[in-house]
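Structure record follows, encoded as structure tokens.
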Amino acid sequence: MQLWYMSARPSPTPLLLFSKIHLAQWMPIMSPNPKSMSDGVVTRFAPSPTCFLHIGGARTALFNWLHAKANGGKMLLRIEDTDRKRSTSEAIDAILEGLTWLGLEWDGEPVYQHARAARHGEVVEQLLAKGLAYKCYATPEEMEKMRERAHGEGRSAVYDGMWRDRDPGDAPAGVDPVIRFKAPNEGDTVIEDQVQGTVTVANKNLDDLIIARSDGSPTYNLAVVVDDHDMGVTHAIRGADHLTNASRQAQIYAALEWETPVFAHVPLIHGSDGAKLSKRHGALGVEAYRAMGYLPAALRNYLVRMGWSHGDDEIFSTAQMIEWFDLAGIGRSPARFDFEKLASLNAHYIKNSDDGELVNLVRAIVPELSQEARPPNSDDEACWEKLALAMPGLKERAKTLIDILDAGRFVFVSRPLDMDEKAENLLDDEARAVLGGLLVSLEGVEDWSVEQIEYVVRGYAEKTDLKLGKAAQPLRAALTGRTTSPGIFDVLYALGKDEAVARIRDQVR
RNA sequence: GGCCCCGUCGUCUAGUCUGGUCCAGGACACCAGGUUUUCAUCCUGGUAACACGGGUUCGAAUCCCGUCGGGGUCACCA
């Protein structure tokens, strides 16, 4: 563990053009260090465990993973749980499971940020000792006034620095202070972001942020800097909502004389109304996409195309993504989430999946479905075997695994079948008469293969001068209880002779 | 409101850095036609965009300025 703390990158080359003498005027120039690329790329995904892994987080993780893989590097996982009150183990589990399901395996053990509080405290002490941080005793009321004043004067910096240079002897008794970072007042902080380009913020717009709470616990921006540094992170790829944090973090890096990682702030994913995707859009965790019957490969493909492109290419295997992924290919404008496109991609991946594998995937999500949504007899092995037989016809019309389950429901139901209204209407006397004739022909089939079945049914239609549809539709109704289904010969075949014949006989009487 | 970012078909985007090959290409969606035992799939075709206004230039989606619009962020949350 001690070693871990010391695991800064080998000989970090300070890129910061500032000296202690000119602290107040410093202007860190954070250009990416091309050398560090060849030293081995280390990315990290750093979710806060306050809720499930949502779609935006999943994409951030994907980009970090891809960038690591594309450069032969590693993606680390860090759970940002400094706020103990809001962190839950359920959320941690959901995040870990979500990443695993998506196929985004991280390297090494997850790092729990709260476990590193001692190290964070150590850095806070260092900053304090060097005069780069100070204790602040401002009351909530005073802060509220400052907020109002800043807003009224149209300034963006809120805290006015009232304790920045004040004599600690003025400290009120019995008040635990917070510790603030002594941020530079003049000059600019410049970030060379791989996605956003050069982002310049005037230092006067950034106030002295709190790096340790009054109970001594570290805050986010301090912890992130210390952890990214100690973990040897070379590339911080995260949502654009962290862009302002990046400026503040850059100041802390500069104060500590540490090299900043390369930043890449990816535009956010928006809901259909154009606002940041959130719970009010019904934003879902990845486990919800799994339950809706989406394939990990489809979700990955969809996610990688949101904000990133490789010419006109739409379909990417994981290997291709890794080969082609490049931070430079990420666009700067936010994207809206579109279920239709995800569904179309999902349909593509389903069509190209192996039948047996699809059966397993469908089976795996059944326990996650509500009681009504589950097919009857879902513990009957024979039904699953029939589903496998029907899969070729099922998968070409499905957009999700749920579609397969729904369209394939006829293999699960038991006789006598429930008929939907259209099927009921279709089975008039004429149709039942046709079924009667068909029944006799089908009972005579020895070799119950798709070819034989088709031969017999077509033969019957020709013999009785019926259009094929006149035979197929009554069969469909009798066999599935519906008016739509996969090809009728496939349905007959999947059901097996005994069951098919019995279902037809049920309707002849 | 301050600060930061963004603005090509309804949506995701190519093209923008290195102005002309773009009266703007692809994908999803949508519409029409074809294949077909239903529904789909599949095939063919179609509708549809450079936010607006100036400027630079022989020439601008591409460069510059402004306007408008959208988003993010301003916690002892992360």
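Each chain gets a letter, A, B and so on, in the order its sequence line appears, and its residues count up from 1.
For A/Tyr493, the ring pair (Phe, Tyr, Trp, His ring centres under 6.0 Å) criterion is met by no residue, not counting sequence neighbours.
Residue contacts for A/Asn245: at a heavy-atom cut-off of 4.0 Å it reaches a base atom on one of the strands shown. Using a 4.0 Å heavy-atom cutoff across all strands shown, A/His242 reaches at least one base atom of the nucleic acid. At the heavy-atom level, A/Val199 lies under 4.0 Å from the strands shown only through sugar-phosphate atoms. Among the protein residues, A/Ser247 comes within range of no part of the nucleic acid, since none of its heavy atoms lies under 4.0 Å from any strand.
If you check B/G7 for Watson-Crick or wobble pairing at under 3.5 angstrom, you find it paired to B/C68.
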Per-nucleotide protein contact string for nucleotides 33-50 of chain B, where B marks a base within reach and S marks sugar-phosphate only (heavy atoms under 4.0 Å, - for neither): ----BBBBS---------

Generate the contact string for nucleotides 13-20 of chain B. Rules: B means base contact, S means sugar-phosphate contact only, - means no protein heavy atom under 4.0 Å. SS------

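Remark: the A/Ser214 side chain and the B/C76 base include a donor-acceptor N/O pair separated by less than 3.5 Å. You won't find any donor-acceptor pair under 3.5 Å spanning the side chain of A/Lys341 and the base of B/A29, going by distance alone.
Of the residues listed (A/Asn64, A/Val111, A/Leu99), the one engaging A/Trp106 in a side chain to side chain contact (heavy atoms under 4.5 Å, CB included) is A/Leu99, and it is the only one.
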Begin from the C-alpha positions of A/Tyr137 and A/Trp163 and carry the test ring-ring contact (aromatic ring centres under 6.0 Å, His included) through to its verdict. CA-CA 7 Å; A/Tyr137 297 85; A/Trp163 286 92; 4.9 Å; yes

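Where A/Thr139 and A/Asp338 each meet RNA chain B at their nearest nucleotide, the meeting point lying more 5' is that of A/Asp338.
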